Amino acid sequence: MKPSKLQRHLNTKHATLSKKPIEYFERLLQTSNKEKNTLEKYVTLNDKYLLASYEVSYLIAKTKKPFTIGEQLLLPAAIRMSEIVHGKQYAAEISKIPLSNDTVSKRISDISNDQFQQLLMRLKDSSKYFPNDIDTQQWICNPFSIEMEEINFLNFKAQEEFAELTSDTTLRLRFSQVPVHEFWIEIKSEYPLLSEMTMNKLLPFCTTYLCESAFSTLTYIKSKYRSTLINVENLLRSAITQIEPRFNYLCKNKQSHPSH
């Protein structure tokens with residue numbers, strides 16, 4: 001704003017301040033900047049407390065420990081260690097991290113929901129393993145009845161392997177003698193590219209380990225000491241999934257409440 005317009009604005013809108021010396025306005029500016037810096041520092045610290053709360057809650061979920069361990073053991077231990085190593089000032093900052101039983105439960109619920117949303121996004125992009133066009137997979141079920149024109153969606157190297165494979169009369173006979181998956185496993189050394197592509201289609205879930213691990217984890221979580229635990233699905237998902245939570249995303253979508 002031009003000085004003349006600024007002066008007119010001061011005289012018309014803030015007449016009571018028009019006679020104040022320039023030092024008065026400089027002091028107001030300094031005070032305003034100081035308050036702004038204090039607010040920014042407060043918000044930044046709160047964000048750190050919130051992030052720490054999410055991170056620790058996630059560790060509690062991964063180790064399948066009771067939610068109360070945050071407030072009863074982890075936080076007091078962290079405060080004590082900080083006090084010994086860095087002094088009471090740092091320990092006081094650590095004590096502001098919210099880790100009550102209810103807070104940890106809410107954090108784990110947020111984390112679980114985020115992991116579920118990430119899973120849904122991955123499934124939407126999973127055409128590699130769950131193709132919509134079944135016709136393009138017929139070459140796996142019966143490669144010796146497929147013409148080369150029907151596999152033009154494969155890359156050049158795969159087409160070369162396919163042409164060599166289908167011209168082998170010995171393999172044609174072998175294909176009629178064994179199950180489909182055994183055939184593709186047997187020729188892995190000769191046709192590694194085709195074999196790998198077919199295994200991704202035929203054996204996407206080749207083990208029950210994850211199911212067994214989930215049941216074992218559920219049994220551990222739902223013990224006689226936690227028989228009244230609700231929303232066990234959230235805790236179970238966070239405990240066993242390999243999907244990493246998006247902590248920064250969670251913090252941005254959660255208002256920080258240091259007193260909780």
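The structure displayed is predicted, hence computed values, not measured ones. Only heavy atoms go into these numbers, but all of them, side chains included; no hydrogens, no water, no symmetry mates. Sequence positions, counted from 1, serve as the residue numbers for this chain.
One distance of note links CG of Asn101 with NZ of Lys106; it measures 10.5 Å at 0.5 Å rounding. Here the straight-line distance linking atom OH of Tyr49 with atom CD of Glu93 works out to 3.5 Å at 0.5 Å rounding. In this structure, CD1 on Ile240 lies 8.0 Å from CD1 on Ile221, to the nearest 0.5 angstrom. Between the CD atom of Gln89 and the CD1 atom of Ile94 there is a distance of 12.0 Å, given to the nearest 0.5 Å. Atom CG of residue Asn46 and atom NZ of residue Lys48 lie 11.5 Å apart, to the nearest 0.5 angstrom. Considering CD1 of Ile97 and CG of Leu50, their distance stands at 10.5 Å, rounded to 0.5 Å.
Of the possible donor and acceptor atoms, one in the side chain of Glu161 sits under 3.5 Å from a partner among the backbone N and O of Leu194. For the pair Ser195 (side chain) and Tyr191 (backbone), a donor-acceptor distance under 3.5 Å is absent. The backbone N or O of Pro245 sits nowhere less than 3.5 Å from a side-chain atom of Asp114 that would complete a donor-acceptor pair. A side-chain donor-acceptor contact under 3.5 Å links Ser95 to the backbone of Ala92.
Nearest heavy atoms, Gln159 versus Asn152: NE2-O, 3.6 Å. For the pair Glu244 and Gln118, the tightest heavy-atom approach, listed with the atom from each and the gap, is O-NE2, 3.0 Å.
By the 4.5 Å heavy-atom criterion applied to side chains, Asn142 and Ile146 are not counted as neighbours. Proximity of Leu193 to Asn155: side-chain heavy atoms (C-beta onward) are separated by under 4.5 Å at one or more points. Here the side chains of Tyr90 and Val85 are not in contact, with every heavy-atom distance at 4.5 Å or above. Side-chain atoms of Glu150 and Gln138, non-hydrogen and from C-beta on, never get closer than 4.5 Å to each other.
In this structure, Gln177 places its CD atom where more than 12 heavy-atom neighbours from other residues, nucleotides or ligands lie under 6.0 Å away.
Applying the ring pair (Phe, Tyr, Trp, His ring centres under 6.0 Å) definition to pairs two or more places apart or across chains, none involves residues 98-124.
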Would you list the atom pairs, donor with acceptor, under 3.5 Å between side chains in residues 163-176 and any protein atom, with sequence neighbours excluded?
| from | atom 1 | to | atom 2 | distance (Å) |
| --- | --- | --- | --- | --- |
| Thr166 | OG1 | Phe162 | O | 2.9 |
| Thr166 | OG1 | Ala163 | O | 3.3 |
| Ser167 | OG | Ala163 | O | 3.3 |
| Ser167 | OG | Glu164 | O | 2.8 |
| Asp168 | OD1 | Thr170 | N | 2.9 |
| Asp168 | OD1 | Leu171 | N | 3.2 |
| Arg174 | NE | Glu186 | OE1 | 3.0 |
| Arg174 | NH2 | Glu186 | OE2 | 2.7 |
| Ser176 | OG | Leu173 | O | 2.6 |

Please tabulate, for the side chains in residues 53-74, all donor-acceptor contacts under 3.5 angstrom to protein atoms that are two or more places apart in sequence or on a different chain.
| from | atom 1 | to | atom 2 | distance (Å) |
| --- | --- | --- | --- | --- |
| Ser53 | OG | Pro98 | O | 2.7 |
| Ser53 | OG | Arg107 | NE | 2.9 |
| Tyr54 | OH | Asp110 | OD2 | 2.8 |
| Ser57 | OG | Ser53 | O | 2.7 |
| Lys62 | NZ | Ala239 | O | 3.3 |
| Lys62 | NZ | Thr241 | O | 3.1 |
| Thr63 | OG1 | Leu59 | O | 2.8 |
| Thr63 | OG1 | Ile60 | O | 3.2 |

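Scored by the side chain to side chain donor-acceptor pair (under 3.5 Å) test, Gln115 finds Ser238 as partners (sequence neighbours excluded). Partners of Asn113 by side chain to side chain donor-acceptor pair (under 3.5 Å), not counting sequence neighbours: none found. By the side chain to side chain donor-acceptor pair (under 3.5 Å) test, Glu147 is found to be paired with no residue, residues two or more places apart in sequence or in another chain being considered.
When hydrophobic clusters are built by joining Ile, Leu, Val, Met, Phe, Trp and Tyr residues whose side-chain heavy atoms come closer than 4.5 Å, directly or via intermediates, Val180 is grouped together with Ile151. Leu236 and Phe215 end up in different hydrophobic clusters when Ile, Leu, Val, Met, Phe, Trp and Tyr side chains are linked at under 4.5 Å. In the hydrophobic cluster analysis, where Ile, Leu, Val, Met, Phe, Trp and Tyr join through side-chain heavy atoms closer than 4.5 angstrom, Leu235 is grouped apart from Tyr220.
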| request: Just do the side-chain contact (heavy atoms from CB on, under 4.5 Å) check on Thr198 and Trp139 with the steps written out, would you? | output: CA-CA 9 Å; Thr198 55; Trp139 65 273; 3.6 Å; yes
